[in-house]
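One structure is given here, and the rest of the page talks about it.
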Amino acid sequence: GESVGLHLPTLSVQEGDNSIINCAYSNSASDYFIWYKQESGKGPQFIIDIRSNMDKRQGQRVTVLLNKTVKHLSLQIAATQPGDSAVYFCAGPNAGGTSYGKLTFGQGTILTVHP
Amino acid sequence: EAGVVQSPRYKIIEKKQPVAFWCNPISGHNTLYWYRQNLGQGPELLIRYENEEAVDDSQLPKDRFSAERLKGVDSTLKIQPAELGDSAVYLCASSPDHLDRSYEQYFGPGTRLTVT
């Protein structure tokens, strides 16, 4: 199975700064990771994903970096805005069998953006 | 495109009472998931459906929890009887059928259950 965890439970940044949220995973066979954003009172929202054959993937203002050597991934948010304030989860799959499609979520990092 | 719909959004019940949650997935998504999210934690999978078949219910506490998806579209999750520890947000999610996108899960807003 997969175990994912986050280094810091909270992160506070100033508007306009870049944010970096980190995540560690345990299963070296994991081949896919997803970052979700969850705002208060809402379900998690898909942000960006990355497959293990990639080191980096960019979206709109977000970049995910994957370091398979140390089993670490990060989410970078450029020019952080107050609307980015939320809880961010990394998630990874359990491999194979009936667990295909089963995601294991980390605990989450609370991002607070100050105007 | 309409998202995943869940109802009710909030539910407060006394312990030992039954409760049911309803979910309608995104149109065309045959895979449906029920998760439980405790305060300050990530979602934890309870059950996954492929069409009307429950393909992974290993994390579902079957003594009090049950789920159904009779026609392979909407789904109901039931707890009977509820316990204080069941207080949580119950999330429903769905994903596209294509193998490469099966991890791309779209979540509903959840039902916040409070058991008193």
Side-chain angles (χ1 to χ4, degrees), chain A residues 1-6 8-10 21 23-25 27 30-54 57 59 64 73 75 86-111, chain B residues 1 3-10 21 23-26 29-51 53-60 88-112:
Chain A
E2 176 58 88
S3 172
V4 292
L6 293 157
L8 294 173
T10 62
I21 301 171
C23 183
Y25 62 95
N27 187 352
S30 294
D31 59 357
Y32 187 82
F33 299 93
I34 307 174
W35 282 98
Y36 282 93
K37 172 187 180 182
Q38 187 172 24
E39 298 175 273
S40 180
K42 297 182 180 180
Q45 177 186 5
F46 176 94
I47 301 174
I48 192 169
D49 58 2
I50 189 168
R51 295 194 178 276
S52 61
N53 61 354
M54 304 171 69
R57 191 173 186 200
V64 56
L73 69 158
L75 177 71
V87 180
Y88 289 82
F89 294 98
C90 63
N94 283 355
T98 59
S99 295
Y100 194 87
K102 177 179 179 179
L103 288 174
T104 299
F105 285 77
Q107 188 174 3
T109 292
I110 302 171
L111 175 65
Chain B
E1 173 180 272
V4 175
V5 179
Q6 290 188 248
S7 69
R9 291 295 314 278
Y10 306 91
F21 315 123
C23 172
N24 190 273
I26 292 173
H29 286 191
N30 289 342
T31 305
L32 181 147
Y33 312 77
W34 282 104
Y35 286 86
R36 177 169 57 190
Q37 186 174 25
N38 293 312
L39 187 64
Q41 303 293 321
E44 295 177 321
L45 181 70
L46 292 174
I47 189 168
R48 175 168 68 97
Y49 280 94
E50 296 287 348
N51 298 302
E53 181 183 0
V55 297
D56 185 356
D57 62 355
S58 57
Q59 302 301 313
L60 189 72
V89 175
Y90 291 83
L91 294 162
C92 179
S94 68
S95 64
D97 288 340
H98 192 279
L99 203 62
D100 284 347
R101 298 183 62 194
S102 64
Y103 291 122
E104 194 175 311
Q105 298 181 21
Y106 296 86
F107 285 81
T111 297
R112 180 176 296 277

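Predicted, not measured: the structure shown is a model, and the values here were computed from it. Labels below follow one simple rule: chain letters A, B, ... track the order of the sequence lines, proteins then strands, and each chain is numbered from 1.
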Considering all heavy atoms of both residues, which atom of [X] and which atom of [Y] are nearest to each other, and what is their separation?
X     : Y      : answer
A:P44 : B:L91  : CD-CD1, 3.8 Å
B:Q37 : A:F89  : NE2-CZ, 3.5 Å
A:Y36 : B:E104 : OH-C, 4.5 Å

Non-hydrogen atoms of chain A under 4.5 Å away: do they reach the side chain of [X], the backbone, both or neither?
X     : answer
B:R9  : side chain
B:E44 : neither
B:Q6  : neither

Which atoms of A:Q45 approach chain B - backbone, side chain, both or neither, heavy atom under 4.5 Å: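 Neither part; nothing is under 4.5 Å.
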
Selection from B:G42, B:P43, B:P109 maximising heavy-atom pairs under 4.5 Å formed with chain A: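 Answer, by heavy-atom pair count under 4.5 Å with chain A: B:P43.
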
